[in-house]
Amino acid sequence: MKKIITYIKESYNELVYKVSWPTRSELSSSAVVVMFASLIIAALIFLIDTGFESVMRFIYEKIF
């Protein structure tokens, strides 16, 4: 039980005194970067999926 309490105290001290938290502006700019990166990746996946669908339709139309 003593190990658990020591672990919780050390974790709390690390979070309070050793972690550097981002400012509101840093957090906002990071969120914008993540949002745009997610949109770009989603668009790329959409294009790849659409292309794959077209290829598969072409193959199935020739076979069947």
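As the structure is a computational prediction, the values presented were derived from the model and not from experiment. All heavy atoms count here, side chains included; hydrogens, waters and symmetry mates do not.
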For the atom pair [atom1] ([X]) and [atom2] ([Y]), what is the distance rounded to the nearest 0.5 Å?
X	Y	atom1	atom2	result
Y17	Y12	OH	OH	6.0 Å
E61	M56	CD	CE	12.0 Å
I41	F36	CD1	CZ	13.5 Å

Excluding sequence neighbours, so at least two apart, what forms side chain to side chain contact (heavy atoms under 4.5 Å, CB included) with L15? V19, W21
Salt bridge (Lys or Arg N to Asp or Glu O under 4.0 Å) against R57, all qualifying residues, sequence neighbours excluded: E53
Verify the cluster assignment for L39 and I45: are they in a single hydrophobic cluster under the rule of side-chain heavy atoms below 4.5 Å apart? no
With the 4.5 Å side-chain cut-off for hydrophobic clustering, are F52 and I63 part of the same group? yes
Applying the side-chain contact (heavy atoms from CB on, under 4.5 Å) test to I5, which of K2, K3, K9 qualifies? K9
Does S29 reach the main-chain N or O of E26 with its side chain, forming a donor-acceptor pair under 3.5 Å? yes
Go through the structure and list residues passing side chain to side chain donor-acceptor pair (under 3.5 Å) with S25, not counting sequence neighbours. T23
